[in-house]
Amino acid sequence: MIADNQQERPRESLSFYIAGFVDGEGSFHVAVQKSKNVRLGWQVIPEFHVSQNRERTVTLEIIQKVLDCGYIKPNHRTKATDRTNVLVVRNHQDLKEKVIPFFRRYKLLSSKNDDFEKFAGIVESMDRGKHLELEGLRRILEIAFSMNASGRYRKRSLNQIVDSLVSSETIRQARCNKDGKI
């Protein structure tokens, strides 16, 4: 029992270190992009990111190994002055089974934990298929836009997306009614 406990301590310490590191350099983000491949016209993409200067990419590699998921890439390929790399986790199963349980166990201490809880709620809503329904998607968007400084860095406003959702759904319903299909 003592040997098991001694082996667990370094891993536990590393996990707390990772939580602290992510508290400073990570983000839980929900991307929203227009897509012709989804019924409501907008795709919701939850992502976990953590960045670090290229010289210290080993930190990202350690986090990737502990979480057992994600990929590392240059943070901004088009910006020559950006010398950071980023660990990205987009895979829904990895987010659900690895990232979210990790940060539920090793809690973030800053207000970033609020964004994490919203993020986890969105992933869980998507598991229940809420993003496939107009009202569910609208609610997910409202939550996503309340995260990360209330979405101030987004290209489109929440109202622009919601307005297009309503008009797209109205057109879709009109087509279904005209064709006699529901």
Side-chain angles (χ1 to χ4, degrees), residues 11 14-15 18-52 57 59-77 84-108 110-158 160-162 164-165 168-169 172:
R11 172 129 173 122
L14 180 58
S15 296
I18 289 170
F21 190 85
V22 168
D23 219 343
E25 303 298 332
S27 72
F28 300 92
H29 174 71
V30 180
V32 180
Q33 65 186 51
K34 197 149 187 61
S35 174
K36 294 178 182 180
N37 300 326
V38 295
R39 187 176 72 84
L40 296 173
W42 291 93
Q43 187 174 13
V44 177
I45 307 165
E47 303 174 317
F48 165 66
H49 296 175
V50 60
S51 59
Q52 180 62 299
T57 298
T59 306
L60 300 179
E61 293 166 351
I62 291 167
I63 297 169
Q64 181 184 37
K65 183 175 181 175
V66 168
L67 292 176
D68 189 32
C69 61
Y71 58 92
I72 298 170
K73 68 179 189 81
N75 198 17
H76 293 102
R77 288 175 231 220
T84 60
N85 282 338
V86 62
L87 168 63
V88 179
V89 181
R90 287 180 112 179
N91 179 282
H92 190 82
Q93 286 303 112
D94 287 341
L95 292 170
K96 181 175 111 175
E97 296 173 4
K98 297 174 181 177
V99 174
I100 291 171
F102 181 90
F103 289 104
R104 286 236 162 104
R105 181 168 181 186
Y106 303 100
K107 299 235 182 259
L108 303 172
S110 75
S111 61
K112 194 173 286 184
N113 194 60
D114 295 337
D115 282 343
F116 165 72
E117 289 298 338
K118 291 175 182 179
F119 176 87
I122 288 171
V123 171
E124 291 160 359
S125 290
M126 291 177 72
D127 270 355
R128 295 188 307 273
K130 297 295 183 183
H131 63 297
L132 304 174
E133 307 163 3
L134 182 60
E135 282 308 311
L137 180 56
R138 183 180 293 157
R139 181 68 188 129
I140 287 171
L141 292 171
E142 288 170 358
I143 295 167
F145 273 75
S146 74
M147 297 169 59
N148 309 100
S150 296
R152 72 174 177 223
Y153 299 110
R154 293 188 182 268
K155 293 177 184 172
R156 292 183 178 92
S157 72
L158 175 60
Q160 287 173 313
I161 296 172
V162 169
S164 75
L165 275 175
S168 296
E169 183 66 8
R172 190 189 70 74

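It should be emphasised that the depicted structure is a prediction, and the values quoted were computed from it without experimental measurement.
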What heavy-atom pair brings [X] and [Y] nearest, and what distance separates the two atoms?
X: Phe21; Y: Gln52; result: CZ-NE2, 3.3 Å
X: Ala31; Y: Glu47; result: CB-OE1, 4.1 Å
X: Val88; Y: Arg90; result: CG1-CG, 3.7 Å
X: Asp94; Y: Cys69; result: OD2-CB, 3.3 Å
X: Leu95; Y: Pro46; result: CD1-O, 3.4 Å
X: Lys118; Y: Ser146; result: NZ-OG, 3.0 Å

[Y] side chain reached by [X] side chain, heavy atoms, under 4.5 Å:
X: Val66; Y: Phe102; result: yes
X: Asn148; Y: Ser27; result: yes
X: His131; Y: Trp42; result: no
X: Thr59; Y: Glu25; result: no
X: His92; Y: Met126; result: yes
X: Glu117; Y: Lys107; result: yes

Give the C-alpha distance, both sets of side-chain angles, the deciding distance and a yes or no for side chain to side chain contact (heavy atoms under 4.5 Å, CB included) between Phe116 and Ile100.
CA-CA 8 Å; Phe116 165 72; Ile100 291 171; 4.1 Å; yes

Any donor-acceptor pair under 3.5 Å linking the side-chain atoms of Thr57 with those of Asn85?
yes

Spacing of [atom1] belonging to [X] relative to [atom2] belonging to [Y], to within rounding of 0.5 Å:
X: Ser15; Y: Ile63; atom1: OG; atom2: CD1; value: 10.5 Å
X: Leu67; Y: Lys98; atom1: CG; atom2: NZ; value: 9.0 Å
X: Ile161; Y: Leu40; atom1: CD1; atom2: CG; value: 12.5 Å
X: Ile122; Y: Ile140; atom1: CD1; atom2: CD1; value: 6.5 Å
X: Ile18; Y: Ile62; atom1: CD1; atom2: CD1; value: 7.5 Å
X: Thr84; Y: Asn75; atom1: OG1; atom2: CG; value: 3.5 Å

Whether the side chain of Gln64 engages the backbone of Gly70 through a donor-acceptor N/O pair (distance < 3.5 Å, no angle test) should be reported.
yes

Looking at Arg138 and Val162, would you say the former's side chain and the latter's main chain have a donor-acceptor pair under 3.5 Å?
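The answer is no, because no donor-acceptor pair under 3.5 Å joins these two groups.
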
Can you name the residues that form a ring-ring contact (aromatic ring centres under 6.0 Å, His included) with Phe48, not counting sequence neighbours?
Phe28, Phe103

